[in-house]
There are 2 protein chains.
Amino acid sequence: MTTRQCAASGITTAEMVRVAAYEGLDPEYIRRGVAQGTIVIPKNARRTFELLRGIGKGLRVKINANIGASPKDSSVERELEKLRAAVHHGADAVMDLSLGEDIEAVRAQILAASPVMVGTVPVYETVYRLARAGRRLEEMTIDDFLETVRSQAEQGVDFMTIHAGVNLQALSALESSGRRLGVVSRGGSMLVRWMRHNRKESPLFEHFDEILDILAAYDVTISLGDGLRPGAVLDATDRPQVTELVTLGALTERAWDKGVQVIVEGPGHVPLDRIEENVRLEKDLCRGAPFYVLGPLVTDCAAGYDHIAGAIGGALAAFFGADFLCYVTPGEHLRLPGVAHVVEGVIASRIAAQAADLARGLVHAVAREKEMAEARRDLDWERQYELSFNPGHARTLRESSGMADGDTCTMCGEFCAIKMGRKD
Amino acid sequence: MTTRQCAASGITTAEMVRVAAYEGLDPEYIRRGVAQGTIVIPKNARRTFELLRGIGKGLRVKINANIGASPKDSSVERELEKLRAAVHHGADAVMDLSLGEDIEAVRAQILAASPVMVGTVPVYETVYRLARAGRRLEEMTIDDFLETVRSQAEQGVDFMTIHAGVNLQALSALESSGRRLGVVSRGGSMLVRWMRHNRKESPLFEHFDEILDILAAYDVTISLGDGLRPGAVLDATDRPQVTELVTLGALTERAWDKGVQVIVEGPGHVPLDRIEENVRLEKDLCRGAPFYVLGPLVTDCAAGYDHIAGAIGGALAAFFGADFLCYVTPGEHLRLPGVAHVVEGVIASRIAAQAADLARGLVHAVAREKEMAEARRDLDWERQYELSFNPGHARTLRESSGMADGDTCTMCGEFCAIKMGRKD
């Protein structure tokens with residue numbers, strides 16, 4: 001039985017108990033959430049890993065870090081370093097988005113080394129398998145795709161992004177939409193290309209049940225990709241996006257019926273005032289399935305600092321109910337991240353997650369703020385470092401001022417407001 | 001006549017025309033806003049500077065960068081470098097928060113060099129003047145304070161933070177509030193200390209009209225300081241804060257009656273879900289006077305990355321109607337900023353301001369997003385750099401990937417979604 005089938009049958013698995021312990025919640029709450037589909041516990045039946053996490057309603061907001069080698073610049077060691085950095089700074093999941101010849105080898109090593117859940121986008125590997133056989137993307141068959149899904153599931157991948165909602169109906173909405181920036185999802189663009197060339201329905205949509213059968217066999221969670229998400233804030237919440245989302249809602253129910261846990265992916269690029277609407281729409285159309293947002297970026301003009309634009313959107317989305325934040329690195333839109341960029345991206349997402357968890361009144365978030373207020377009141381610098389998201393960085397910053405002796409900071413020197421405001 | 005008196009008399013000044021041109025609005029809209037108090041144009045009658053700006057309702061969100069030497073680490077040249085960096089990256093105002101022996105000299109040079117409005121907190125200098133005379137803060141008289149205000153006004157300061165709302169009533173609310181982290185405003189803590197020691201009403205509150213007379217004589221804008229703003233998210237919107245804000249509302253009207261333009265300062269540290277309430281409260285209690293927020297930080301645990309926590313809060317506050325964002329640097333709470341930190345702080349605030357301006361539908365913000373979407377669609381990297389907030393940084397990031405030739409980025413390499421999704 002899959003995790004979802006266990007939950008539906010009233011069985012509380014060991015994983016549900018572990019997730020409950022981490023969240024400080026009752027295991028029965030977790031079981032019920034998994035049964036209802038509002039909570040997922042992504043974990044391949046073949047894999048075990050240390051930092052098992054639930055994602056969904058009532059739980060702490062979780063963070064994903066995208067890593068993976070580029071086709072022209074591939075180094076397994078560097079990707080493993082990114083993995084370690086992401087996990088060390090608090091990522092709850094990584095997605096291996098590798099492209100390139102070494103795609104299986106890179107993934108095998110990431111799966112072996114990762115203490116957190118690992119996700120992939122199987123259409124990427126499918127394209128490489130085709131190329132090796134001298135075939136083009138446009139020649140992809142459902143068997144090519146299923147073979148990749150099966151081999152990745154066997155390898156132990158915990159969740160897979162599958163763009164099954166990019167179908168002819170969504171494509172038709174795209175063609176007539178007058179969108180400024182066409183398709184920016186890599187997987188989405190591959191399926192659009194396939195459909196335009198073949199003038200046929202997407203094989204991923206047509207054969208969705210066969211995909212689900214493989215996922216169910218290995219208890220892999222499906223992350224329903226948003227292949228037509230807008231790539232510009234001015235295109236937000238347009239017809240192609242919502243057309244695809246309506247389909248994702250229907251696919252969610254079909255996956256549930258097969259015992260497969262579901263996450264739904266969302267934008268992307270969304271102005272501040274449309275974020276609530278985007279979250280509510282997903283929750284309504286997909287019957288409360290966990291929502292996985294990419295940022296979202298609240299402006300397109302933050303190139304070089306996209307982690308900040310993403311933290312603004314992510315905090316707000318999570319406050320309104322998004323459950324899972326895909327980090328954005330400073331150089332998103334400009335280059336693949338280096339290790340330092342991975343750290344920046346994870347920290348920015350953690351700040352967003354903490355802000356949302358606090359605003360939603362989650363106990364652990366409130367407790368952390370309480371401790372920080374006390375550490376500040378007591379001018380306890382060591383404790384302040386510990387409670388910050390990157391203690392080494394906080395320490396370095398203060399010590400770099402050359403004035404970090406004693407109980408003062410360089411901001412006020414002798415005119416410390418906290419000391420001045422004390423009753424003495 | 002002051003700017004406010006001109007506006008009230010139906011006179012459209014040259015400054016109102018300049019502000020209107022920058023905003024793309026009608027000068028009459030600006031005049032009416034200044035007359036109503038919902039817009040201010042901070043500019044000392046004695047000073048002229050290039051980048052004159054209005055702050056308030058319907059205008060682009062503006063950004064302030066705090067600079068200033070520390071008592072123990074003072075270098076005029078470094079502060080001037082911070083000024084140049086802040087303005088270069090888009091600050092609309094700087095506040096000189098210098099403490100130390102050179103306080104007048106540093107300010108004189110900043111005023112001479114600054115192409116943007118300059119603000120100060122006169123109680124800081126007052127304390128240094130007292131120390132030179134061998135007297136303690138607790139011995140401050142209203143004459144000591146007025147003398148500082150007058151000399152700074154003569155020097156050309158455009159706006160001054162004056163914590164006139166920290167009175168006995170607010171102190172009483174503070175004493176009984178059970179707040180976790182007492183007083184974190186440096187100016188506020190000085191007045192609290194003074195009142196506790198002297199057991200008398202604050203001279204700044206008692207002699208508010210005399211302060212206003214000086215400000216009116218030089219057309220200096222008053223920024224009503226929030227000396228009892230909470231310094232911890234868990235203390236947000238507590239009795240001392242709101243007690244002081246109620247007083248600030250009354251003081252706003254008194255300042256208006258004397259022809260003085262008013263900005264009201266606000267928190268600080270505010271959970272995401274309380275930001276709207278904080279903005280609406282200020283707008284109601286202070287009859288629409290422009291709101292100047294310090295961040296606000298949506299979590300206290302972002303030490304080392306407080307610019308990100310501040311950008312989240314600032315974007316949201318500005319969307320709900322805050323008009324003026326005081327930047328937060330990464331090392332806020334840890335050290336005075338260096339030049340690189342000033343840049344990080346300004347950029348983070350600009351991202352927040354753009355996000356809010358876009359969400360409010362401001363024409364310039366929408367136009368910028370439109371251009372960026374087109375530059376992305378066309379894979380026009382030069383234009384993307386130009387439209388980002390720090391073109392040099394964006395360029396460096398992409399070029400550092402070693403793969404920035406031609407029209408591709410390292411994110412997707414040959415599998416560029418934009419190219420793949422094009423009809424061909």
Side-chain angles (χ1 to χ4, degrees), chain A residues 70-72 99 180-186 189 192-193 232-234 271-273 298-305 308-309 311-312 315 319 331 334-336 347-348 351 354-355 358-359 368-370 372-373 376-377 384 387-388 390 393-394 397-398 401 409-413 415 417 420-421, chain B residues 70-72 99 180-186 189 192-193 232-234 271-273 298-305 308-309 311-312 315 319 331 334-336 347-348 351 354-355 358-359 368-370 372-373 376-377 384 387-388 390 393-394 397-398 401 409-413 415 417 420-421:
Chain A
S70 148
K72 291 181 183 164
L99 291 175
R180 284 178 175 79
L181 188 53
V183 184
V184 297
S185 153
R186 201 155 53 187
S189 72
V192 164
R193 194 171 189 86
V233 285
L234 295 183
L272 201 56
D273 59 319
V298 291
T299 167
D300 299 346
C301 300
Y305 302 89
I308 297 179
I312 296 172
F319 171 63
L334 296 169
R335 56 163 292 174
L336 274 187
I347 301 274
I351 291 170
Q354 170 72 12
L358 170 67
R368 185 176 188 143
E369 301 292 345
K370 187 164 173 289
M372 185 56 114
R376 290 225 162 109
R377 178 196 64 202
Q384 289 181 49
L387 289 163
S388 70
N390 190 352
H393 178 65
L397 257 179
R398 179 157 176 267
S401 70
C409 67
T410 59
M411 296 211 56
C412 309
F415 294 105
M420 187 100 51
Chain B
S70 150
K72 292 179 182 165
L99 292 173
R180 284 177 175 81
L181 187 54
V183 183
V184 297
S185 153
R186 200 155 55 188
S189 72
V192 163
R193 195 170 188 87
V233 285
L234 296 182
L272 201 55
D273 59 318
V298 291
T299 167
D300 298 345
C301 299
Y305 302 89
I308 297 179
I312 296 172
F319 171 63
L334 296 169
R335 57 163 292 174
L336 274 186
I347 301 276
I351 292 170
Q354 170 72 13
L358 170 67
R368 186 177 187 142
E369 301 292 346
K370 188 164 173 289
M372 185 58 115
R376 290 224 162 109
R377 179 197 62 201
Q384 289 180 50
L387 288 164
S388 70
N390 190 350
H393 178 65
L397 258 177
R398 178 158 176 266
S401 70
C409 67
T410 61
M411 296 212 57
C412 308
F415 294 106
M420 187 98 55

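Both backbone and side-chain heavy atoms feed into the values below; hydrogens, waters and symmetry mates do not. What you see is a predicted model; the values in this text were computed from it and never measured. Below, read A as the first sequence line, B as the second, and so on, with proteins coming before strands; counting in each chain starts at 1.
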task: Determine the sole option in A:D300, A:L234, A:V298 for which the side chain to side chain contact (heavy atoms under 4.5 Å, CB included) test with B:L358 is passed.
output: A:L234
query: What part of A:L272 is in contact with chain B, defined as an atom under 4.5 angstrom from a non-hydrogen atom: side chain, backbone, both or neither?
result: both
message: So for A:V233, is it side chain, backbone, both, or neither that comes closer than 4.5 Å to the heavy atoms of chain B?
response: side chain
query: Under a 4.5 Å heavy-atom cutoff, which of B:H393, B:E369, B:M372 has the most pairs with chain A?
result: B:E369
- request: Please determine, among B:G304, B:C301, B:G421, B:S388, the option with the most heavy-atom pairs under 4.5 Å with chain A.
  value: B:C301
Considering all heavy atoms of both residues, which atom of [X] and which atom of [Y] are nearest to each other, and what is their separation?
| X | Y | value |
| --- | --- | --- |
| B:A303 | A:A394 | O-CB, 4.0 Å |
| B:A302 | A:I351 | CB-CD1, 3.7 Å |
| B:L397 | A:G331 | CD1-CA, 3.7 Å |

Distance, nearest 0.5 Å, that separates [atom1] of [X] from [atom2] of [Y]:
| X | Y | atom1 | atom2 | answer |
| --- | --- | --- | --- | --- |
| B:Y305 | A:N390 | OH | CG | 3.5 Å |
| A:L181 | B:R376 | CG | CZ | 8.0 Å |
| A:S189 | B:M420 | OG | CE | 4.5 Å |

message: Suppose we screen for side chain to side chain donor-acceptor pair (under 3.5 Å). Which residues come up paired with A:D273, at least two apart in sequence or across chains?
response: none
message: Contact between A:R377 and B:R180 at the side-chain level, heavy atoms closer than 4.5 Å - yes or no?
response: no
